[in-house]
Amino acid sequence: MKFDSALLYLPPPLPPFPRQRALDSLLFSAISSSSSVLQLRQIHALLHRFGLHASSFLVAKLLRRLTDLGILPPNPYPSLVFSQVPSPNSFLWTAFIRSHSPTLSSASADADSPLSVYSLMRRQFPPPPPLTFTFSALLKSAQSLSDGIQIHAQTISIGGFDSDLFVLNTLIDMYIRSGHLIHARQVFDEMPVRDVLSWTSLIVAYSRNGDMNSAAGLFHCSPVKDVVSWTAMVSGYSQNSQPREALAIFKKMQAGGVAFDDISLVSVINACAQLGTCNYASWIRQVVDQAGIQLNVFVGSAMIDMYAKCGLIDDAQQVFAEMSDKDVYSYSAMISGLAAHGRADEAIHLFEVMVRSTAVRPNRVTFVGVLTACSHAGFVEKGRCYFSLMMNEYRITPDPDHYTCMVDLLGRAGLVEEALKLVQSMLVEPNGAVWGALLGACRIHVKPEIAKIASEHIFRLEPDCIGNYIVLSNVYASAGMLDEVSNIRKMIRGRGLRKNPASSWMESGDGVIHEFFAGDDLHPRSKEIKEVIEYLLQSLRLVGYVPVLSSIVYDMSDNEKERILKGHSEKLALAFGVLTTVVGGVIRIMKNIRICEDCHLVMKMASGAIEREIIVRDSLRFHHFKSGLCSCRDFW
DNA sequence: CTAGGGTTAG
């Protein structure tokens, strides 16, 4: 039997008197705008008073509002509300089915599942005709593939809806949610008609799977594109760490005359954060301002994060101050940013303000930020306090990220044995980062025995990560264990790993990136760069600079060590900065590994000698060098 | 009434 679906969309029959219709719509909007169960109960009482509690129209709205507020069965209230309607229509049944959506908590008993409510509906006499919404509600609540297939079968057996665009889109969505992209794709391929939603759903699914090639292929073929599908591509690239592609597709979107909105910009801001350069930061700020986009929590948090990652921590703070609404993301982004810039006191202060004077509750990410702040500043006791505060007060079970912070905190402060004990006491399996933090501590404090333990785990977890081998080799070299050093070298060769070279780079005013490798003379201005370094180091010697030869752990003559130190890539970048930036301007350098002691000393002294602020972003954090001092207070 | 968004460690 087929239904004429057009008939089903007719509005409910008009009530006899206009007065009552006005009352209906008054109550309807009252329900829509109510934000608590108490209010809904009061409205429900009003429905009784006016004899409207049997109205499918109003009760369906009431049920949907209850569902949105999370008042779901097994709470008896929705069923009570429903049961007061003697002959519910299809809309009300659908709302009732929706209210049985399985949520976070109790796996609902079979008798309470949306599907069983649907069977109940079909057993009515005469059965209310199902709507496309009915199947969409069922599909949305499907928890498993078999649920979904069963529901899909129902739509076919009843007929009429098996080729409905809305139902099929929901079906695609169901397959994607249950992780069956291939089934989703099959439905998509067999659909008689597709709209922009069908295309976008699949594009997003592919990009969440990390498959941007398939996503881009689909996007390219899609005959209809709108701001949402374009944004899906931008965010796909940005979430898959392809910021340049994200920006490229955003520019294409603009060129195509598609107006962006705040949601699109969030992904673009994110891409700029990954690039970490000031030019893109100021470009996107202009785009945001010119378009008159409000700094809501999404745009604002993304912006805070971006400024922090571009080394513009003051701008990040300014955005934070400008935001009228702040949530846990905004606070976490600001706290992590301050932590990365070594401004631990401010990070901790902000955390205290947040918990004391706002209703914002910290989450696990917030604590990662607070703990990193402590570890970057060497606040051992404070770090311990926040770690237990997190567990005891906020009932957050520490995850490997939190342990990484704690191991780093203890280990860097010299409590390497305690850090090892902490790792061994973990209830969750330590990951590579946790062991890596411990290994890093062993390098600073030369603990070859513990380094051996850490590296055994880390080589198992991250066999291809070259950095770990190098750190271990440096520990052995510092301890004078030369046999072990050559063993590591053999290991690296045996596993076919290659060093990715240390490099530093700078962005010039026109946005071009200039990259330098240790000891290279590839840059066109290499000759001048060398001259600047020579001149700079010589003048620094006059005010007491002595090369930190211990930064080179390998066995060679002091002259050779000095020559190598001179060629470190951040020194090349510094010299290039001196040559190319305006007098008095900030010199910003980025670096793919950690800065060495000798370069750190040179940066400090140079910042005083040439009266320039120098900001170095190494692989872990920012150093702000100014007037002969570093923001890290020489603790890194 | 189904498609796109922000904070996380070595």
Side-chain angles (χ1 to χ4, degrees), chain A residues 64 131-133 135-137 139-140 164-174 176-177 195-205 207-208 222 226-236 238-239 260-270 273 296-306 308-309 326-337 339-340 362-372 375-376 398-409 411-412 430-443 454 458 462 465 467-468 471 594 619-621:
Chain A
R64 280 176 46 188
L131 313 168
T132 54
F133 299 125
F135 291 112
S136 135
L139 284 169
K140 268 192 88 173
D164 180 272
L165 182 59
F166 180 45
V167 167
L168 288 180
N169 278 346
T170 321
L171 184 66
I172 288 179
D173 203 50
M174 187 279 298
I176 290 171
R177 260 188 301 114
D195 66 2
V196 65
L197 279 80
S198 336
W199 289 91
T200 310
S201 295
L202 266 188
I203 288 169
V204 169
S207 73
R208 294 218 171 122
S222 63
D226 64 8
V227 58
V228 179
S229 57
W230 278 99
T231 305
M233 288 303 295
V234 178
S235 66
S238 125
Q239 284 160 4
F260 56 79
D261 59 13
D262 53 340
I263 301 181
S264 336
L265 287 184
V266 168
S267 295
V268 183
I269 296 168
N270 204 293
N296 62 25
V297 285
F298 282 93
V299 177
S301 306
M303 208 76 142
I304 291 168
D305 176 57
M306 177 195 70
K309 287 188 173 142
K326 303 182 182 80
D327 67 0
V328 66
Y329 283 84
S330 333
Y331 276 96
S332 303
M334 194 65 244
I335 291 171
S336 303
N363 63 17
R364 47 189 59 245
V365 180
T366 322
F367 277 104
V368 171
V370 174
L371 293 175
T372 4
S375 94
H376 283 178
D399 65 21
D401 292 346
H402 299 116
Y403 281 105
T404 303
C405 297
M406 287 308 287
V407 169
D408 190 50
L409 175 74
R412 238 199 290 234
N431 62 15
V434 174
W435 291 115
L438 188 62
L439 184 61
C442 293
R443 185 187 57 81
I458 210 168
E462 300 175 341
C465 179
N468 298 325
V471 175
R594 301 224 64 191
S619 55
L620 214 62
R621 58 173 295 165

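These numbers come from a predicted model, not from an experiment. Lettering follows sequence order; numbering is per chain, from 1.
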**Student:** Mind checking side chain to side chain contact (heavy atoms under 4.5 Å, CB included) for A:S201 and listing every partner two or more places apart, or none if nothing turns up?
**Tutor:** A:I172, A:I176

**Student:** Starting at OG of A:S136, measure out to CG of A:L168 and round the result to the nearest 0.5 Å.
**Tutor:** 11.5 Å

**Student:** Base of B:dG4, side chain of A:S264 - is there a donor-acceptor contact under 3.5 Å?
**Tutor:** yes

**Student:** Is a donor-acceptor contact shorter than 3.5 angstrom present between the side chain of A:D327 and the base of B:dG6?
**Tutor:** yes

**Student:** Would you classify A:V297 as touching base, sugar-phosphate or nothing, given that sugar-phosphate means primed atoms plus P, OP1 and OP2, and contacts are heavy atoms under 4.0 Å?
**Tutor:** base

**Student:** Less than 4.0 angstrom between a side-chain N/O of A:R177 and OP1 or OP2 of B:dT2, yes or no?
**Tutor:** no

**Student:** At 4.0 Å (heavy atoms only), tell me whether A:S330 reaches a base, stays on the sugar-phosphate, or touches nothing.
**Tutor:** base

**Student:** Report yes if a donor N or O on one partner sits less than 3.5 Å from an acceptor N or O on the other, where the partners are the side chain of A:N270 and the base of B:dG5; otherwise report no.
**Tutor:** no

**Student:** Counting only side-chain N and O atoms of A:H376, is one of them less than 4.0 Å from OP1 or OP2 of B:dG10?
**Tutor:** yes

**Student:** Show the numbers, then the answer: is there a side chain to side chain contact (heavy atoms under 4.5 Å, CB included) between A:S332 and A:N363?
**Tutor:** CA-CA 9 Å; A:S332 303; A:N363 63 17; 4.1 Å; yes

**Student:** If you compare every side-chain N and O of A:N296 against the phosphate oxygens of B:dG5 (OP1, OP2), does one of them come in below 4.0 Å?
**Tutor:** no

**Student:** Determine: side-chain N/O of A:Q239 to OP1/OP2 of B:dG4, distance under 4.0 Å, yes or no.
**Tutor:** no

**Student:** Check if the side chain of A:S201 and the base of B:dA3 share a donor-acceptor pair of N or O atoms closer than 3.5 Å.
**Tutor:** no

**Student:** Can you tell me if A:K309 touches the phosphate of B:dT8, counting only side-chain N or O atoms and a distance under 4.0 Å to OP1 or OP2?
**Tutor:** yes

**Student:** Taking any heavy-atom pair under 4.0 Å as a contact, classify A:R208: base, sugar-phosphate, or nothing.
**Tutor:** sugar-phosphate

**Student:** Take atom CG of A:L438 and atom C1' of B:dA9, then tell me their distance rounded to the nearest Å.
**Tutor:** 14 Å

